[in-house]
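Have a look at the structure below, then the notes.
We use all heavy atoms of the structure for the numbers below, so side chains are in, but hydrogens, waters and symmetry mates are not.
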Amino acid sequence: MPELPEVETTRRGIAPHVEGREITEVIVRQARLRVPVPPDLVERLVGARIGPLARRAKYLLVPLSAPEGGGSVGTLLWHLGMSGSLRLARLGELPKKHDHVDLVLDDGGILRYHDPRRFGFVDWLADAPAEDARLARLGPEPLSDAFDGARLFALSRRRRLAVKPFLMDNAVVVGVGNIYAAEALFLAGIDPRRAAGRIARERYDRLAEAVREVLAAAITQGGTTLRDFVGGTGEPGYFKQRLNVYGRDGEPCRRCGAELRLVTLGQRASVFCGQCQT
């Protein structure tokens, strides 16, 4: 599933090619996504101009304005689901199977949405994005000043939940999915099974730092390619080459050589080192 670094990589990849461009045509080949494509999407988008792209958690926000310097007309809210991707194409480039939505731009470019499993969606927001229920309940961005060890420590008190699913709770902090939670806990030396309420403030300071370190490195490397993900320009991510624990159960720990162990936490597979993580 595309996580925060993959969505940020997509945003950075497509932004220079779509920002400021006018949408001249909208092609919807498959409207039955996780959230059905709004039936009036075509009439809302044609003639609108794309503003600066933004990201909130794993959502991509595409603001739109009226042509000729007009005011805001709304925002596209895009979620890539488990296998979705946004890619750049050109007029005349035939769509592939599972290419569900095209935004055709005034320079001949196409922003093309591809999603084999159809768990993603594109939705229309007429009001400010912050007012949408899906965004309003989210916690802070992990790379912002609002996220730190003090927040983790305060929210974890008296929580018996294991620290890994606690860290993956979007009300605590957004965008720390299964891959990056596992990697951050390894860097911080914290056993993912440990109860969130039994971790000291100092260790949470280190965990917050590790989350930022892992996510920043993943964004720099273009995300993690596991099955279907590629960035906005069609290039795969390379952070997989740097994974310390995720997907490596039974292999030796890169730090101490001990065999990495696999457990299930919150219905998600979790790999860790029993020697380095306590």
Side-chain angles (χ1 to χ4, degrees), residues 1-9 34 57-59 79-85 115-121 134 137-142 147 151-152 155-156 159-199 203-204 206-208 210-215 217-219 221 223-229 237 239-251 253-255 258-278:
M1 175 182 293
E3 297 188 15
L4 184 152
E6 287 74 41
V7 180
E8 179 63 18
T9 296
R34 177 156 62 96
K58 299 178 187 179
Y59 295 96
H79 195 286
L80 301 182
M82 295 185 69
S83 61
S85 61
D115 192 349
R117 302 182 190 180
R118 290 192 288 166
F119 287 163
F121 64 84
R134 290 164 292 197
R137 60 175 179 261
L138 295 175
E141 291 285 329
F147 172 67
R151 176 180 175 83
L152 292 176
L155 294 179
S156 66
R159 297 287 301 273
R160 296 182 180 180
L161 180 71
V163 65
K164 185 164 181 271
F166 168 74
L167 187 62
M168 293 172 61
D169 183 347
N170 277 329
V172 174
V173 59
V174 300
V176 186
N178 197 32
I179 298 172
Y180 302 108
E183 294 298 308
L185 286 163
F186 175 79
L187 286 186
I190 297 174
D191 189 322
R193 304 169 298 174
R194 183 176 288 276
R198 296 180 63 85
I199 295 175
R203 302 195 79 189
Y204 271 127
R206 173 59 187 137
L207 180 57
V211 166
R212 287 192 289 269
E213 182 179 338
V214 167
L215 291 177
I219 291 170
Q221 293 290 320
T224 304
T225 297
L226 297 176
R227 290 190 180 92
D228 306 301
F229 173 74
F239 190 70
K240 183 179 180 181
Q241 312 305 319
R242 298 185 55 179
L243 295 176
N244 287 301
V245 289
Y246 182 87
R248 298 189 62 240
D249 55 294
E251 297 182 27
C253 173
R254 301 188 195 280
R255 183 179 294 166
E259 182 177 316
L260 297 177
R261 300 169 57 186
L262 174 67
V263 295
T264 301
L265 297 170
Q267 301 181 332
R268 304 297 296 272
S270 299
V271 181
F272 71 105
C273 176
Q275 297 294 324
C276 297
Q277 295 174 253
T278 59

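Considering CD of Glu213 and CG of Leu207, their distance stands at 11.5 Å, rounded to 0.5 Å. Here OH of Tyr246 is found 14.0 Å from CG of Leu185. Values are rounded to the nearest 0.5 Å. Arg34 contributes atom CZ, which lies 13.0 Å from atom CZ of Arg117 (distance to the nearest 0.5 angstrom). For the atom pair Arg134 CZ and Lys58 NZ, the distance stands at 15.5 Å (nearest 0.5 Å). The structure places NZ of Lys164 at 13.5 Å from CG of Asp169, a figure rounded to the nearest 0.5 Å. Here CD1 of Ile179 is found 12.0 Å from CG of Leu4. Values are rounded to the nearest 0.5 Å.
Side-chain atoms of Leu152 and Phe166, non-hydrogen and from C-beta on, do get closer than 4.5 Å to each other. Side chains of Leu187 and Arg206 form a contact here, defined as non-hydrogen atoms less than 4.5 Å apart. Here the side chains of Val173 and Val211 are not in contact, with every heavy-atom distance at 4.5 Å or above. For the pair Val174/Pro142, a side-chain contact is recorded, criterion being any heavy-atom separation below 4.5 Å from C-beta on.
Cys276 and Arg255 make their closest contact through SG-CD, 3.6 Å (heavy atoms, listed as atom of the first residue, atom of the second, distance). Residues Pro165 and Leu265 come closest through the heavy atom pair CD-CB, 4.3 Å. Taking both residues in full, the closest heavy atoms of Phe147 and Glu141 are given as CB-O, 3.5 Å, listed atom of the first, atom of the second, then distance. Of all non-hydrogen atoms in Tyr180 and Glu6, the two that sit nearest each other are OH-OE2, 2.7 Å. When every heavy atom of Asp191 is checked against every heavy atom of Val163, the shortest pair comes out as O-CG1, 3.5 Å. Across Val271 and Gly247, no two heavy atoms sit closer than the pair CG2-N, 4.2 Å.
Between the side chain of Arg248 and the main chain of Cys253, no donor-acceptor pair closer than 3.5 Å is present. In terms of modelled atom types and a separation under 3.5 Å, the side chain of Glu251 and the main chain of Glu259 share no donor-acceptor contact. The closest donor-acceptor contact from the side chain of Arg151 to the backbone of Val172 lies under 3.5 Å. No side-chain donor-acceptor contact under 3.5 Å links Arg194 to the backbone of Gln277. Between the side chain of Arg203 and the backbone N or O of Gly189 there is at least one donor-acceptor pair closer than 3.5 Å.
Taking the six-membered ring for Trp and thresholds of 30 and 60 degrees, His79 and Tyr59 have ring planes more than 60 degrees apart, a perpendicular arrangement.
Among the candidates Asn244, Val245, Leu260, the single residue satisfying the side chain to side chain contact (heavy atoms under 4.5 Å, CB included) test with Arg254 is Asn244.
A donor atom on one side chain and an acceptor atom on the other are found under 3.5 Å apart for Asp115 and Ser83.
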